[in-house]
Amino acid sequence: MTKLNCKVYVATKMIGGDKAEMVARAIRVSEILKEAGITPISPVIEEKVKDEPGKLIKADKDQLRRFWNRDKKILIQEADVMLWDHAEQKSFGCEREMGFMRFCLWKPVVIYVAPGTPTSVAEFEDDSVFTSVHEAAKYIAETWGTTEKR
C-alpha cells in the first residue's frame, strides 16, 4: 500500500470570529485530518492565533499582507486539496482562496457545512460537500491521498 502524502489547506472564516473557539476548532479539524493520514495546513495555527476569548480583528495591514502572501504560497506550492471548514459562514478571504484553488490552480476543493445547511449548486460545483469532517477526511484520503491518485 502506498503511503498517503496529501496536504490539505483548511480554509476557515477568521476575521470577527472568537479566537479561543477558532483555535479549538482548528486543532480538532487538524487532529481529524491527521487520523486519516492527511497533513493539515491551518492558517489559524500557522498565523499563531492566540487561544484567548475575544474577536479576531486584524488591523495591521502589513501583517495582513504577509499572511496573504504566505497563504498564496501555501496554496500554490504546498497544498494538494482545500477543505473549507464551515463554508456556510461568509468569508471574503475563503471565497478568494477557493476560487484560486479551484479555478486557477485546478486543485480539488471540498467543503464542510453544518448539518441542515442548504448547499444548492455547491454540490455540483465543488468536488464534494460534507456535513462531517470525518467523512470529508476519509473522502480526501481515498480520492487524493497519494501522488498517483492526484
Side-chain angles (χ1 to χ4, degrees), residues 1-49 55-58 64-150:
M1 182 176 169
T2 305
K3 184 177 174 172
L4 298 183
N5 65 351
C6 185
K7 293 181 181 178
V8 174
Y9 181 83
V10 184
T12 189
K13 176 184 167 120
M14 293 175 66
I15 301 297
D18 181 79
K19 292 180 281 188
E21 291 174 13
M22 194 180 311
V23 170
R25 176 73 183 176
I27 290 169
R28 183 64 187 130
V29 170
S30 293
E31 288 171 350
I32 293 168
L33 292 172
K34 287 176 187 174
E35 288 168 9
I38 296 167
T39 302
I41 305 170
S42 168
V44 173
I45 295 168
E46 292 272 327
E47 295 173 16
K48 298 176 177 47
V49 173
K55 287 186 177 185
L56 178 65
I57 299 172
K58 291 197 177 151
L64 191 57
R65 183 171 298 282
R66 284 192 304 275
F67 288 154
W68 177 79
N69 282 323
R70 174 70 179 127
D71 288 347
K72 296 304 165 273
K73 286 179 183 173
I74 290 170
L75 295 174
I76 295 166
Q77 299 172 355
E78 297 179 39
D80 301 305
V81 178
M82 177 177 150
L83 171 63
W84 186 351
D85 186 35
H86 278 293
E88 77 277 4
Q89 296 176 359
K90 176 68 177 170
S91 168
F92 290 117
C94 289
E95 289 171 354
R96 273 61 175 185
E97 290 170 340
M98 186 278 297
F100 187 58
M101 281 290 279
R102 185 78 171 126
F103 307 122
C104 183
L105 301 174
W106 289 95
K107 293 183 181 184
V109 174
V110 173
I111 68 171
Y112 163 84
V113 293
T117 301
T119 54
S120 185
V121 296
E123 294 179 33
F124 310 120
E125 293 176 335
D126 296 326
D127 289 286
S128 201
V129 177
F130 290 94
T131 58
S132 161
V133 176
H134 287 89
E135 290 298 315
K138 179 180 173 188
Y139 178 78
I140 291 167
E142 290 173 356
T143 308
W144 303 292
T146 65
T147 304
E148 294 79 16
K149 289 183 177 182
R150 288 189 297 278

Listed partners of Glu46 passing side-chain hydrogen bond (donor to acceptor under 3.5 Å, both in side chains), at least two apart: none
Closest approach of Thr143 to Lys149 (non-hydrogen atoms, all atoms of both residues): O-CB, 3.3 Å
Partner residues of Lys90 under the side-chain hydrogen bond (donor to acceptor under 3.5 Å, both in side chains) criterion, sequence neighbours left out: Glu95
Candidate pair Leu4 and Thr146, rule side-chain contact (heavy atoms from CB on, under 4.5 Å), full reasoning: CA-CA 5 Å; Leu4 298 183; Thr146 65; 4.0 Å; yes
Thr119 (side chain) donor-acceptor with Ala122 (main chain) under 3.5 angstrom: no
side-chain contact (heavy atoms from CB on, under 4.5 Å) partners for Lys48, two or more places apart: none
Under-4.0 Å salt bridge between Glu31 and Lys34: no
Steps toward side-chain contact (heavy atoms from CB on, under 4.5 Å) verdict (Val29, Ser42): CA-CA 9 Å; Val29 170; Ser42 168; over 6 Å; no
Test item: Lys13 side-chain N/O and Cys94 main-chain N/O as donor-acceptor pair under 3.5 Å: no
Met22 CE to Lys55 NZ distance, which is reported to the nearest 0.5 Å: 10.5 Å
Salt bridge (Lys or Arg N to Asp or Glu O under 4.0 Å) partners of Glu78, counting only residues at least two apart: Arg70
Heavy-atom side-chain contact between Val49 and Met14 under 4.5 Å: yes
Interatomic distance, Asp85 atom CG to Arg28 atom CZ [nearest 0.5 angstrom]: 12.0 Å
side-chain hydrogen bond (donor to acceptor under 3.5 Å, both in side chains) against Asp126, all qualifying residues, sequence neighbours excluded: none
Heavy-atom closest contact (Met101 atom, Met82 atom, distance): CE-N, 3.7 Å
Flag if over 12 foreign heavy atoms under 6.0 Å of NZ, Lys72: yes
Test side-chain contact (heavy atoms from CB on, under 4.5 Å) applied to Ala24 - qualifying residues, sequence neighbours left out: none
Lys19 atom NZ, neighbour heavy-atom count above 12 within 6.0 Å: yes
Show me the side-chain donor-acceptor pairs of residues 104-113 shorter than 3.5 Å, one per line, residues at least two apart or across chains.
unit_1 : atom_1 : unit_2 : atom_2 : d
Lys107 : NZ     : Leu75  : O      : 2.7
Lys107 : NZ     : Ile76  : O      : 3.1
Lys107 : NZ     : Ala79  : O      : 2.7

Exercise: identify the closest heavy-atom pair between Ala36 and Ala141: O-CB, 3.7 Å
With Arg66 via side-chain contact (heavy atoms from CB on, under 4.5 Å) - residues at least two apart: Asp62, Gln63
side-chain contact (heavy atoms from CB on, under 4.5 Å) partners for Thr39, two or more places apart: Lys7
Residues in salt bridge (Lys or Arg N to Asp or Glu O under 4.0 Å) contact with Asp18, at least two apart in sequence or another chain: none
Ile74 CD1 to Asn69 CG distance, which is reported to the nearest 0.5 Å: 11.0 Å
Partner set under salt bridge (Lys or Arg N to Asp or Glu O under 4.0 Å) for Asp80, not counting sequence neighbours: Arg150
Which atom of Cys6 lies closest to which atom of Ile140, heavy atoms considered: SG-CG2, 3.9 Å
For Ile32 against Val133, the heavy-atom pair lying closest together: CG2-CG1, 3.8 Å
Smallest separation among heavy atoms of Ala114 and Glu88, with atom names: N-OE1, 3.3 Å
Pairs touching residues 131-150 that satisfy ring-ring contact (aromatic ring centres under 6.0 Å, His included), sequence neighbours left out: Phe130-Tyr139, Tyr139-Trp144
